[in-house]
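This report concerns only the one structure given below.
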Amino acid sequence: MWKQILSKLPKKSSKNDHHHHRGREHGGGHSSSSSHASTSKSTDNGHGKSANSHTKNAPSGGRSAGNTNTNTNGGVFTPYEALPSFKDVPNTEKQNLFIKKLNLCRVVFDFTDPTKNIKEKDIKRQTLLELVDYVNSANGKFSEVSIQEVVRMVSANIFRTLNPQPRENKVIDALDLEEEEPSMDLAWPHLQLVYELFLRFVASPDTDTKLAKRYVDQSFVLRLLDLFDSEDPRERDCLKTILHRIYGKFMVHRPFIRKSINNIFYRFVFETEKHNGIAEFLEILGSIINGFALPLKDEHKVFLVRVLIPLHKPKCLQMYHQQLSYCITQFVEKDCKLADTVIRGLLKYWPVTNSSKEVMFLNELEEVLEATQPPEFQRCMVPLFRQIARCLNSLHFQMFKQILGKLPKKPSSAKFWDNGESQAPDNNNNQEVSSQRASSNGDNLASLSVDVLPRLKDVSISEKQELFLKKLRLCCVVFDFAAEPQRNLKEKEIKRQTLLEVVDYVISSGNGKFPEPVIQEATRMVSANLFSNPHQQQWKNKTPEAGDLEEQEEGSLNPSWPHLQIVYEFLLRVVASPNTDAKISKKYIDHTFVLKLLDLFDSEDPREREYLKTILHRIYGRFMVHRPFIRKTMNNILYDFILETGKHSGIAEFLEVLGSIINGFALPLKEEHKLFLTRVLVPLHKLKCLPNYHQQLSYCVIQFVEKDSKLADTVIKGLLKYWPVTNSSKEIMFLNELEEILEATQLTEFERCMIPLCRQIAQCLSSSHFQVAERALYLWNNDHVSNLVRHNSRIILPIVFPALEKNGSSHWNQAVKNLTENVLKVLSDTNPELFEECLRKFQEDQQNAEDNKKKNGETWRQLEEIVASMAK
């Protein structure tokens, strides 16, 4: 298959082209003028398209316009000159300049010698940064010529022979995984920007797919896939994101991409067992599989059987097992009938002597079994438990712990709480309150009579369902625990024991599905206890301020918790049970039910909010039809909190659920998700009670930035908009979050917001609160942040230098002084000339300020003398 595809690629027939290619392999990327003249007639990506229409105005063949570079023998050198900036030319000339800069960047330099072509390398790097910014800020559609030149430039830089290092393509055993250091590409300072440019170009709405697919064609994609065998994990991560965007944007290439990845897997599994990019391929495929429509096509099932399952047998499984396990679990969750096939496949490749692999197999087996229905389980349970028995007999202690940790615990009457409220089972607990509430507020509960009902385990199987329904109706009675805690003690205990019994019934119910009457009665019972309880209302709508959090914590616990806890546990078990049919349940767990459930998040009791969070998460995962409604309703609650009330007890829990939801968003992000970030998450920073939920909010925001680095600029400017003025503790929180965001920020996005950001950091450095100044100084301890500053030191240092210099000489806190001296030393070592220039400027400004002060003092003295003389 590979030979068939590669044989279709056009060969470079020119001798000069071959000479140029050899020069690139050695890292030079230069040729004589005759060689360039020949190269300009054919593109670097093998398309055979001519670019002659631009060779008069643009450099060709991988060299700068009007200049020659070093030849392959290194004998001739003439300057490699920078082109004017985009902002210095009129709009009519920008496209031509864009093409010139692309051609300039087709020169590939040798990074094996760091002292060679330093100036030219920096010119290329600055040009690439300009190109990335131009693509980001483009307003109109890219022309076909621009698309062609972008692809040519990218091809010239990234498509190269992956020179094998001493450890290249070595199959890494599990024990060697931590000792092995990845081989980093020395050309990464340029390659990173080329990948960033191409990613922005592919993702840009100004890139016309119909035009671009002529150049980002199957040949291009095939060569892109070859690069996944790179040793450099940074390069593979960029390739993963780019391939994901190509798959999403170029629908015509989707079958070809899947087929080509399949071929790479086939070769890896059945021939070489050597490839560095298997984990990245599987991560992409996990997202693709997640989007497969139901019912699954036969080709997708064949891919599972012939590719994913055999991927368990290579020795280097540990390198990609997490991603492989996710892909397989996705298949089983989409079609539970595949569970039998998957389990038998795992048993086929079960390791014999490798204990660490066995532990991985057992972890994966548990996830598969969680999505397995009883009929599929029964088909494979005999060979499965034979294998589990062998694992139980293993001498390796982790195997024994792994299996015993999965065994179900025996339910007990004290299972559902740990607050010391459990009591010994009463012999009279097989009694029932045989009447409904006499009134909606429960005032007539004293008149309830008690009848005897048998336990569920004491009746025949045919009678259990009817008895279960009776017990659910009994539990619809709601007692008042607040006003009269000593009233109806016997009836309250009977209800508590009955609730425990129905929970145990749901947990231990067999393989049969719950019928519709059971689901209906279960929903009615839960609604009666959670939504219709008038005694619940006094525990809502009291949001503690950040400073009063500890004081408000006590006294806000719901006195009805002995019953409510078991009701929540019952609802959780019903929603999570495999015996609950989602199609039937959605009739009763409908939008109204979900809306009332979301209202309960305003409860003062943290125990109740914790249960609600878990239940909502399960509902979101199980009832896909409710997902848009849940997100929309949470948005509305957050809007009300931000723009009107500023009071809600459950914001932290909402954000924790949303953090998990955001983590599962597919790429590219939808517009509605980006709007949620800018209109909800960022404004949540302005509330006074931010400390109550800042940890969860910060996680959500960082998830967005990690998924789409282009959002970093938006997020940082949003933080600056809501930056606290007088609240030092909030400033420290903002600085903590800012550092995490900057860690996920690329150079291009940082450069867009660095000026206002550094002004704010300078204000924090000047803060009289030592913790704020100290936290701002700690930013320089982060390698990535320090690297961002170093790349833009000419702009950043003049902004922060006055604050640093004042801290070093006059701050009251010695720790801040010491940290400031360390930062100043780092900045001085990085760029001594710029540091001296800033120091001179600071001293001049200080002298001018002193002169102005003296001048103003003299002016006031003269005015005072004039006033005194006039008074005489």
Side-chain angles (χ1 to χ4, degrees), residues 23-30 44 62 80 101-102 104-133 135 150 153-169 180-202 223-245 275-277 279-280 706 709-710 712 742-751 782-793 830:
R24 274 183 43 74
E25 287 184 337
H26 287 69
H30 315 299
D44 293 288
Y80 176 90
K101 286 178 181 285
L102 287 170
L104 182 69
C105 291
R106 284 167 57 194
V107 177
V108 180
F109 292 99
D110 181 6
F111 279 81
T112 56
D113 183 359
T115 62
K116 186 178 178 182
N117 304 124
I118 295 175
K119 180 182 177 183
E120 289 77 10
K121 289 174 184 175
D122 191 58
I123 289 172
K124 178 176 177 180
R125 186 183 149 277
Q126 293 299 333
T127 306
L128 284 168
L129 284 170
E130 269 197 281
L131 289 171
V132 171
D133 192 53
V135 171
V150 168
M153 186 277 286
V154 171
S155 300
N157 280 272
I158 68 173
F159 295 147
R160 64 205 188 279
T161 303
L162 295 174
N163 295 323
Q165 302 294 327
R167 67 178 287 274
E168 175 71 18
N169 279 334
E180 291 288 350
E181 286 291 330
S183 176
M184 300 299 186
D185 198 311
L186 297 174
W188 187 244
H190 286 181
L191 276 178
Q192 182 182 23
L193 294 173
V194 173
Y195 279 123
E196 183 69 20
L197 170 67
F198 189 56
L199 175 61
R200 300 311 172 111
F201 174 76
V202 171
R223 297 171 77 184
L224 201 70
L225 293 173
D226 286 343
L227 293 175
F228 273 83
D229 202 17
S230 167
E231 281 270 350
D232 195 328
R234 303 168 300 180
E235 182 169 17
R236 297 198 304 270
D237 194 58
C238 287
L239 286 164
K240 177 186 69 179
T241 310
I242 289 168
L243 185 62
H244 209 155
R245 291 299 179 97
H275 200 287
N276 293 304
E280 286 76 17
E706 288 179 348
S709 59
K710 288 171 72 173
L742 287 173
E743 280 187 352
T745 302
Q746 300 301 316
L747 188 60
T748 312
E749 281 70 36
F750 177 74
E751 288 174 346
N782 187 297
D783 291 339
H784 183 70
V785 176
S786 183
N787 190 44
L788 293 174
V789 173
R790 186 168 58 254
H791 277 93
N792 298 278
S793 57
T830 303

Run the salt bridge (charged side-chain N to carboxylate O under 4.0 Å, His left out) test on D226 and R223 for me, step by step, so that the C-alpha distance in whole Å, both residues' side-chain angles and the decisive distance to 0.1 Å come before the verdict.
CA-CA 5 Å; D226 286 343; R223 297 171 77 184; over 6 Å; no
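- To the nearest 0.5 Å, atoms CD1 (I118) and CD1 (I123) are separated by 12.5 Å.
- Side chains of E120 and V107 form no contact here, defined as non-hydrogen atoms less than 4.5 Å apart.
- F111 carries K121 over the face of its six-membered ring, with the cationic atom under 6.0 Å from the centre and within 45° of the normal.
- Applying the side-chain contact (heavy atoms from CB on, under 4.5 Å) criterion to T241, with sequence neighbours excluded, gives L199.
- Side-chain contact between L227 and I158: present, with at least one pair of heavy atoms (C-beta onward) separated by less than 4.5 Å.
- Here the side chains of L243 and F228 are in contact, with some heavy-atom distance below 4.5 Å.
- For E749, the side-chain contact (heavy atoms from CB on, under 4.5 Å) test picks out N136, E196, R200, S709, K710, A712, T745, Q746, R752, with sequence neighbours left out.
- The ring-ring contact (aromatic ring centres under 6.0 Å, His included) test applied to H791 returns no partner, not counting sequence neighbours.
- At a threshold of 4.5 Å between non-hydrogen side-chain atoms, the residues L191 and R160 count as touching.
- The ring-ring contact (aromatic ring centres under 6.0 Å, His included) check on F750 picks up nothing, with sequence neighbours excluded.
- Side chains of S230 and D232: a donor-acceptor N/O pair is absent below 3.5 angstrom, by distance only.
- Residues N117 and K124 bring no donor and acceptor atom of their side chains to less than 3.5 Å of each other.
- Applying the salt bridge (charged side-chain N to carboxylate O under 4.0 Å, His left out) rule to R790 yields no partners; only residues at least two apart in sequence or on another chain are considered.
- The closest side-chain heavy-atom distance from N787 to L747 is not below 4.5 Å.
- Evaluation of the side-chain contact (heavy atoms from CB on, under 4.5 Å) rule for L193 yields R125, L128, L129 as partners, not counting sequence neighbours.
- Salt-bridge formation is detected for the pair K240/D237: a Lys NZ or Arg NE/NH1/NH2 atom is positioned less than 4.0 Å from an Asp or Glu carboxylate oxygen.
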